[in-house]
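Order of the sequence lines fixes the chain letters, A, B, ..., with proteins taken first and strands second; residue numbering starts at 1 for each chain. Model, not experiment: these values are computed from the prediction.
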Number of protein chains: 2
Amino acid sequence: MKPVKEIAKTISASGLKITPQRIAVIQALEKLEHPRAEEIIREVSEQIPGLSPTTVYNTLDALVSKKIIRKVHTEADVMRYDAIPDHHHHLYCMQSDRMDDYFDPELDKLLEDYFRKKNIKGFRLKEVKLQLMGEFENKDKTSVEKNA
Amino acid sequence: MKPVKEIAKTISASGLKITPQRIAVIQALEKLEHPRAEEIIREVSEQIPGLSPTTVYNTLDALVSKKIIRKVHTEADVMRYDAIPDHHHHLYCMQSDRMDDYFDPELDKLLEDYFRKKNIKGFRLKEVKLQLMGEFENKDKTSVEKNA
DNA sequence: TTCTAACTTGTATTTATTACAATGTAGAAA
DNA sequence: TTTCTACATTGTAATAAATACAAGTTAGAA
């Protein structure tokens with residue numbers, strides 16, 4: 001676990017104020033593995049009785065905006081559905097929340113070859129999904145179609 | 001848009017019963033782009049007044065389990081956080097909801113080269129995130145560490 | 001045509017997250 | 001060190017996505 005001093009420095013360097021809550025949140029983030037907010041709240045509450053869940057949400061948002069931590073696995077907080085069951089990836093723009101399909105058999109082949117050679121210890125790989133994060137160059141939904 | 005007949009056949013072939021609600025949900029899925037449940041509910045409600053949101057959720061779950069459609073962008077419905085701001089990917093097991101970090105500079109290099117050559121029309125790519133879906137071979141959290 | 005498992009509905013809950021007003025405090029400036 | 005204020009925290013309440021469940025309905029097999 002990182003020393004408190006170092007954590008404090010990181011917080012301070014980003015322009016945020018150092019508070020016991022923030023330090024504890026970062027410590028929890030390091031101790032737990034990809035925790036959800038609720039787990040962090042539970043963990044931090046042990047050290048800081050009377051902690052408000054709102055504080056944890058605020059803190060997480062603040063840390064994310066300063067790029068000290070990341071949100072993972074999803075950018076939007078809701079489930080989305082896809083009518084196309086064939087294997088494909090997604091282009092996604094966080095600003096607009098727009099998502100387009102991306103087909104690229106050449107890339108799939110490349111990845112397949114790569115992971116056939118590379119063995120990930122302790123993990124049986126079944127499927128590789130890519131999220132291509134970026135920005136769409138115009139608003140027209142049909143402009144990026146089946147990206148060949 | 002696919003003809004109703006074909007949609008009906010797909011539903012039937014999977015062992016599910018053909019209902020107006022299910023056909024309308026699939027049509028909505030094709031019309032809308034990666035809709036969230038709420039958008040589907042709104043769309044389908046126009047054709048089927050008195051539609052229950054529960055039906056849409058049930059239908060989506062049924063279609064997903066039959067692999068007629070997919071859930072995208074997230075498998076769990078909650079936000080998760082990551083203390084490591086460095087670029088890395090994730091190993092994820094849907095069954096256990098376990099997620100591990102995955103570092104692979106060689107792969108990143110490969111992808112960087114690939115996308116430098118390949119220009120995605122209408123999209124300015126900023127970051128490539130991989131979700132490696134599969135199963136962990138044992139329950140020990142520390143067994144898959146910094147996967148070299 | 002009958003019958004039953006499968007499906008839909010509607011209400012009530014649960015749970016994650018956000019809004020907001022009041023209070024408290026970190027840390028810059030005096 | 002003390003003061004001061006913008007930034008943080010708290011707590012309550014509201015919102016919204018998703019689920020549970022009991023009751024009624026229907027697809028489609030027999």
So B:Thr54, base contact, sugar-phosphate only, or nothing? Heavy-atom distance under 4.0 Å. base
Which part of the nucleic acid, if any, lies within contact of B:Thr19, taking any heavy atom under 4.0 Å across all strands shown: a base, the sugar-phosphate backbone alone, or nothing? sugar-phosphate
[X] has an atom [atom1]; how far is it from atom [atom2] of [N], in whole Å?
{"X": "A:Ile18", "N": "C:dA26", "atom1": "CD1", "atom2": "P", "value": "10 Å"}
{"X": "B:Ile41", "N": "D:dA18", "atom1": "CD1", "atom2": "C1'", "value": "9 Å"}
{"X": "A:Tyr57", "N": "D:dG11", "atom1": "OH", "atom2": "C1'", "value": "15 Å"}
{"X": "A:Lys17", "N": "C:dA28", "atom1": "NZ", "atom2": "C1'", "value": "9 Å"}
{"X": "A:Arg42", "N": "C:dA16", "atom1": "CZ", "atom2": "P", "value": "10 Å"}
{"X": "A:Lys66", "N": "D:dC7", "atom1": "NZ", "atom2": "P", "value": "10 Å"}
{"X": "B:Ile26", "N": "C:dC7", "atom1": "CD1", "atom2": "P", "value": "13 Å"}
{"X": "B:Asp61", "N": "C:dA6", "atom1": "CG", "atom2": "P", "value": "17 Å"}

Hey, does the side chain of [X] reach the backbone of [Y] with a donor-acceptor pair shorter than 3.5 angstrom?
{"X": "A:Arg22", "Y": "A:Ile11", "answer": "no"}
{"X": "A:Glu39", "Y": "A:Arg36", "answer": "yes"}
{"X": "B:Thr10", "Y": "B:Glu6", "answer": "yes"}
{"X": "A:Ser12", "Y": "A:Ala8", "answer": "no"}

Check whether any side-chain heavy atom of A:Glu43 lies under 4.5 Å from a side-chain heavy atom of A:Leu32, and answer yes or no. yes
Quick one: do A:Leu63 and A:Asp61 satisfy side-chain contact (heavy atoms from CB on, under 4.5 Å)? Show the steps, please. CA-CA 5 Å; A:Leu63 296 175; A:Asp61 286 349; over 6 Å; no
About how many Å separate CD1 of A:Ile48 and OG1 of A:Thr55, when rounded to the nearest 0.5 Å? 9.0 Å
NE2 of A:His87 to CG of A:Asp108, rounded to nearest 0.5 Å, is 4.0 Å
Would you mind telling me which residue lines up with the more 5' stretch of DNA chain D, B:Asn58 or B:Pro20, judged by nearest nucleotide? B:Asn58
Side-chain N,O (A:Arg22) to OP1/OP2 (D:dA8) below 4.0 Å: yes
Considering just the side-chain nitrogens and oxygens of A:Gln21, establish if one lies under 4.0 Å of OP1 or OP2 belonging to C:dT25. no
Please report the C-alpha distance between B:Lys118 and A:Glu106 in whole Å, then the side-chain angles of each, then the deciding distance to 0.1 Å, and finally whether the side-chain contact (heavy atoms from CB on, under 4.5 Å) criterion is met. CA-CA 10 Å; B:Lys118 184 135 210 154; A:Glu106 187 191 346; 3.4 Å; yes
Stepwise side-chain hydrogen bond (donor to acceptor under 3.5 Å, both in side chains) check, B:Tyr102 with B:Asp100: CA-CA 6 Å; B:Tyr102 178 72; B:Asp100 280 20; over 6 Å; no
Taking the axis from the first five pairs and the axis from the last five, what angle separates them in the helix from C:dT1-D:dA30 to C:dA30-D:dT1, rounded to 10 degrees? 30°
So if I take residues 6-16 of chain B and measure heavy-atom distances to DNA chain D, which residues fall below 4.0 Å? none
Under 4.0 Å, heavy atom to any atom of DNA chain D: which of residues 43-52 of chain A qualify? A:Gly50, A:Leu51, A:Ser52
So, B:Glu46 and B:Arg42, do they make that salt bridge, N to O below 4.0 Å? no
Quick test of your reading of the model: are B:Lys117 and B:Asp113 salt-bridged, counting only N-O distances below 4.0 Å? no
